[in-house]
Every structure is written in structure tokens, then in C-alpha cells.
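Starting off with a structure, shown below.
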Amino acid sequence: MEKRIINFNPGPAALPLPVLEQIRDEFLNYKGTGMSIIETSHRSREFENVLNDAIERTKRLLGLGEDFHVLFIQGGASLQFCMIPMNLAIEGRPVDYINTGTWSTKAIKEAEIQKKDVRVIASSEDENFSYIPKNFTVDEDASYLHFTSNNTIKGTQWSKFPEAGDVPLVCDMSSDIMSRPFNPEPFGLIYAGAQKNIGPSGSALVIIRKDMLERVPKDLPTMLKYTTYVDKNSLFNTPACFVIYVISLVLKWLEESIGGLEQMEKINREKAKLIYDYIDSTEFYRGTARKDSRSMMNITFRLPSEEIEKRFVEEALKEGLGGLKGHRSVGGCRASIYNAIGVDEVKTLVEFMAEFERRAG
Ligand SMILES: *Cc1c(COP(=O)(O)O)cnc(C)c1O
């Protein structure tokens with residue numbers, strides 16, 4: 001393929017073109033150092049500036065007060081499934097989870113492996129995770145309440161976060177971090193694998209409220225406790241330098257070109273509405289998530305048959321629209337429209353959907 005495609009991949013996913021261009025332009029000689037940023041010591045002033053820039057931008061964009069630490073931890077979101085119960089479960093108090101799909105299920109499993117007192121206080125498994133549960137009560141004795149803000153595979157998203165009183169919320173925001181503003185105060189910990197909305201794969205962004213650190217057991221292995229990353233500003237060992245560098249550029253783009261998260265949310269809403277409105281206007285495409293639970297990031301839909309779905313994905317790619325195949329566990333189609341995908345690119349997809357329907361419908 002000569003040209004770049006419009007990239008609807010679920011993750012690793014599209015990054016803003018100006019960011020890729022900047023990476024290319026300064027790749028061989030970073031800011032006059034005579035070397036690439038990926039050849040530079042993680043203890044150098046250049047890299048520490050990059051790291052601190054990524055941290056400061058995260059704090060500004062999310063409106064985090066002094067009571068939060070921003071960390072970068074390798075092992076992706078999946079290592080956080082394990083580190084959270086290990087570090088944050090309080091002896092004698094249960095850990096509560098809401099199960100809204102594949103990723104929540106994996107998070108629950110990691111707490112169970114560690115023999116924590118796991119309670120699943122709500123689940124949408126009864127309807128193939130097609131909705132976000134509404135009616136549940138949070139017990140005040142829980143160590144924390146874990147949920148997944150956006151379900152990348154099933155295409156559902158919390159529009160309003162659960163309320164848990166004094167129980168700290170712990171949230172996997174891998175696929176919608178930085179897509180909209182929210183109040184960070186109720187959160188004890190927020191984590192996100194970088195490769196959906198903020199950078200390449202290789203690191204998780206972890207935001208931890210300072211009072212959570214008192215819970216971290218002293219006898220945990222060094223690399224598995226949050227206090228190590230806090231004490232050393234994520235530089236206990238060599239971090240994912242390239243990933244953090246790209247994250248800093250993506251966040252700069254978000255702040256300076258987009259204008260922050262309120263603006264980003266507006267654009268994301270407009271994009272999602274274009275596709276959902278089209279889906280709702282025809283019988284040919286069928287959204288799989290319940291309307292009140294639809295994701296603004298991952299739009300899951302079916303066509304009349306698997307045969308037609310296969311053709312849709314193939315013909316879309318010929319037209320320069322990539323990554324529209326649904327997750328292997330659920331089939332169908334999925335358009336992941338993370339921050340880096342623009343309104344015009346979504347319009348091109350909707351035009352293709354209409355044109356394909358005329359031919360195949
Ligand atoms: C992709 C994804 C994960 C897995 O992330 P890794 O970084 O590959 O471990 C976890 N949770 C959600 C919501 C995801 O979208």
C-alpha cells in the first residue's frame with residue numbers, strides 16, 4: 001500500500017499524524033544531542049525532561065491535584081490486573097469488582113489467583129456484556145471497587161462512573177483515557193495500557209492517589225510494588241523510554257492542537273454520533289451494544305451475515321479503511337475511533353458504509 005490507511009485498529013492504534021511526523025523529523029538527532037532519543041540514557045537530562053513533561057501534561061489534562069502520583073510501569077494493563085490486588089487489598093476486607101467483559105474478567109481472575117476475598121457486585125454477563133449494569137450497591141467495607149470504563153471488545157462504556165462513597169474507585173481506562181474529562185477525586189488508582197489512546201505499546205500509565213501507598217505491603221517484590229515507582233519517579237530501572245517520549249508528544253498535541261479534554265470529548269461525541277446515527281437509520285447494520293451503554297471509542301456492529309461481514313472488511317481495506325474486523329472472540333465488525341481519528345475520517349467511513357450497503361444490501 002502506497003498511502004497510509006485510515007486506521008481503525010483497536011490497539012496498538014492510530015496516533016496523530018503530526019506526532020508521527022515529529023518523531024520522524026527528530027529521530028536521528030534529538031534536539032541537537034547528536035543521537036536518537038532511544039539511544040539516550042534514561043538518566044540524562046533530556047530524558048528526564050521528557051518524563052517530567054509527560055507527567056506534568058497528564059496532571060494538567062486530567063486536573064490531578066497534588067495528592068496524585070503519575071507513574072509509568074511496564075507490563076501493560078495486564079500487569080496492573082495483578083499489582084492492584086497485591087498492593088491495594090486491605091487484610092480482612094473484600095475486593096469488589098464489576099464485570100463488564102473480557103478485560104474485567106481477566107482483572108477478577110488475577111485477584112482470585114492471589115486468593116483475595118473477591119466479590120463481583122454487578123455483571124452484564126447475562127446478556128453477553130452488551131450493557132453497563134445500573135443497579136448495584138457498594139459495601140462500605142470493600143478495599144476498593146474495580147471497573148473498566150470502556151469495554152474495548154464489547155463496545156460499551158460507562159457514561160457516568162459508579163458511586164462508591166468512601167470506597168476508592170480503581171479503574172482500567174486503557175481504551176478511553178484522555179478521551180473526556182472527569183472528576184479524579186473518587187479514584188484511588190487509574191491505569192491504562194498506552195497503546196489505545198496515548199502512545200505505542202510497552203508501558204502502562206498509572207495514576208495513584210497518595211493515601212493508597214499506605215496499603216502497599218512492605219514485603220512485596222521490588223518491581224511489583226507501587227512505592228518503588230513513586231520513590232524513584234518511575235526510574236528505579238530503565239523505563240520504556242520510547243513509549244514515554246511518544247506519550248509526551250501525544251499529550252502535547254492534545255493540549256496544544258486539540259485544546260484539552262473538553263474539546264476532545266466534543267470531537268469524540270461528534271464522531272461516534274455520525275456512525276451510530278447511520279447504523280440506527282438502516283436495517284443493514286446492527287449495533288451490538290445497548291443504546292444507553294454505547295462506547296464513543298469502539299463501535300461494534302454486525303452485518304446481515306458473516307459472509308457479508310468478511311466482504312465488508314476486505315472491501316473497506318481496498319478503499320483505504322483498515323482495522324474494521326471485530327475481536328476474534330465476538331466476531332462482527334468494530335470501528336475503533338480513538339482520539340487520533342478525526343471527524344473527516346469518520347465521515348469517510350460512514351460514506352463507505354452507505355455505499356457498501358447499496359451494493360450488498
Ligand atoms: C487492551 C486492553 C487491555 C490489555 O492491555 P495490555 O496493555 O495489552 O495488557 C486491558 N484493558 C482494556 C480495557 C484494554 O482495552
Side-chain angles (χ1 to χ4, degrees), residues 42 51 55 58-59 62 64-99 103-122 138-149 161-162 164-174 177 184-194 202-240 243-244:
H42 59 295
L51 173 65
I55 293 169
T58 300
K59 287 186 173 174
L62 294 176
L64 303 176
E66 280 307 300
D67 48 341
F68 288 94
H69 292 286
V70 176
L71 312 173
F72 295 94
I73 302 179
Q74 283 158 261
S78 298
L79 183 63
Q80 295 309 305
F81 297 161
C82 145
M83 281 178 73
I84 286 160
M86 192 178 273
N87 282 264
L88 303 186
I90 297 173
E91 190 65 38
R93 289 168 64 179
V95 292
D96 285 4
Y97 284 76
I98 299 177
N99 191 0
W103 298 116
S104 311
T105 305
K106 290 192 174 185
I108 291 164
K109 186 174 163 218
E110 293 301 311
E112 284 171 343
I113 288 173
Q114 296 173 49
K115 308 242 176 338
K116 302 296 180 193
D117 178 11
V118 179
R119 292 189 302 203
V120 178
I121 64 159
V138 180
D139 218 321
E140 280 295 314
D141 68 338
S143 295
Y144 58 78
L145 173 62
H146 179 284
F147 71 106
T148 313
S149 56
F161 293 146
D166 289 335
V167 175
L169 295 176
V170 171
C171 188
D172 177 358
M173 293 198 190
S174 293
I177 186 119
E185 288 309 317
F187 290 87
L189 188 141
I190 294 164
Y191 63 105
S203 186
L205 170 69
V206 176
I207 296 160
I208 187 165
R209 209 170 64 201
K210 287 182 178 164
D211 60 308
M212 294 295 110
L213 298 171
E214 291 155 23
R215 303 178 174 201
V216 177
K218 300 275 176 292
D219 57 354
L220 292 183
T222 310
M223 289 298 285
L224 294 178
K225 53 186 178 190
Y226 291 118
T227 42
T228 299
Y229 296 85
V230 169
D231 292 345
K232 303 287 183 194
N233 194 28
S234 302
L235 289 171
F236 172 77
N237 73 330
T238 321
V243 180
I244 295 167

Set of residues satisfying side chain to side chain donor-acceptor pair (under 3.5 Å) with respect to D231, sequence neighbours excluded: none
Side-chain donor or acceptor of Y144 paired with backbone N/O of P94 under 3.5 Å: no
V167 side chain near D139 side chain, heavy-atom distance below 4.5 Å: no
Residues which pass side chain to side chain donor-acceptor pair (under 3.5 Å) with T105, listed by chain and number, not counting sequence neighbours: N99
Any donor-acceptor N/O pair, S143 side chain to R93 backbone, under 3.5 Å: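 Yes, the answer is positive, given that a donor and an acceptor are paired below the 3.5 Å cut-off.
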Under 3.5 Å, which donor-acceptor pairs link side chains of residues 184-192 to any protein atom two or more places apart or in another chain?
{"from": "Y191", "atom 1": "OH", "to": "H146", "atom 2": "NE2", "distance (Å)": "2.7"}

Distance (rounded to the nearest 0.5 Å) between M223 CE and N237 CG: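 Output value for this atom pair is 3.5 Å.
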From F81 atom CZ to T148 atom OG1, the distance as rounded to the nearest 0.5 Å: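 Those atoms lie 7.0 Å apart.
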Closest non-hydrogen atom pair between L224 and L220, with its separation: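 Between these two residues, the closest heavy atoms are O-CD1, 4.0 Å.
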Selection residues 64-92 - residue pairs positive for side chain to side chain donor-acceptor pair (under 3.5 Å), sequence neighbours left out: Q80-Y226
side-chain contact (heavy atoms from CB on, under 4.5 Å), paired with F147, selected from I121, D96, L169: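 Among I121, D96, L169, the one meeting side-chain contact (heavy atoms from CB on, under 4.5 Å) with F147 is L169.
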P217 versus K225, closest heavy-atom pair with distance: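 Heavy-atom minimum between the residues: O-CD, 4.2 Å.
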Audit row: V170, V95, side-chain contact (heavy atoms from CB on, under 4.5 Å) steps and yes/no: CA-CA 10 Å; V170 171; V95 292; over 6 Å; no
Partner residues of D117 under the salt bridge (Lys or Arg N to Asp or Glu O under 4.0 Å) criterion, sequence neighbours left out: none
NZ/K59: more than 12 non-hydrogen atoms of other groups inside 6.0 Å: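 It does: K59 NZ has more than 12 such atoms within range.
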Side chain to side chain donor-acceptor pair (under 3.5 Å) contacts touching residues 202-218 (sequence neighbours left out):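 Residue pairs passing side chain to side chain donor-acceptor pair (under 3.5 Å), neighbours aside: R209-D211.
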Nearest non-hydrogen partners of G193 and A77, listed with the distance: N-CB, 3.9 Å
side-chain contact (heavy atoms from CB on, under 4.5 Å) assessment of M173 paired with I207: CA-CA 11 Å; M173 293 198 190; I207 296 160; over 6 Å; no
Derivation and outcome, side-chain contact (heavy atoms from CB on, under 4.5 Å), residues T222 and F236: CA-CA 9 Å; T222 310; F236 172 77; 3.6 Å; yes
Closest contact, heavy atoms only, K116 versus P85: CE-O, 3.4 Å
Pairwise distance CG(L88) to CD1(I208) - rounded to 0.5 angstrom: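 These two atoms lie 5.5 Å from each other.
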Nearest-0.5 Å distance that lies between atom CG in N233 and atom CG in L51: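 Rounded to the nearest 0.5 Å, the CG-CG separation comes to 5.0 Å.
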Side-chain donor/acceptor of D172 to backbone N/O of S174, under 3.5 Å: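 The answer is yes, because a donor-acceptor pair under 3.5 Å joins these two groups.
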Min side-chain heavy-atom separation P162-V138 under 4.5 Å: no
Salt-bridge criterion met for D141 and R119 (N-O under 4.0 Å): yes
Nearest non-hydrogen partners of A240 and G202, listed with the distance: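 Heavy-atom minimum between the residues: CB-O, 3.6 Å.
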Spatial distance of atom OH (Y97) from atom NZ (K109) [nearest 0.5 Å]: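 Output value for this atom pair is 13.5 Å.
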Distance in Å, I113 CD1 paired with C82 SG, rounded so as to fall on 0.5 Å steps: 8.5 Å
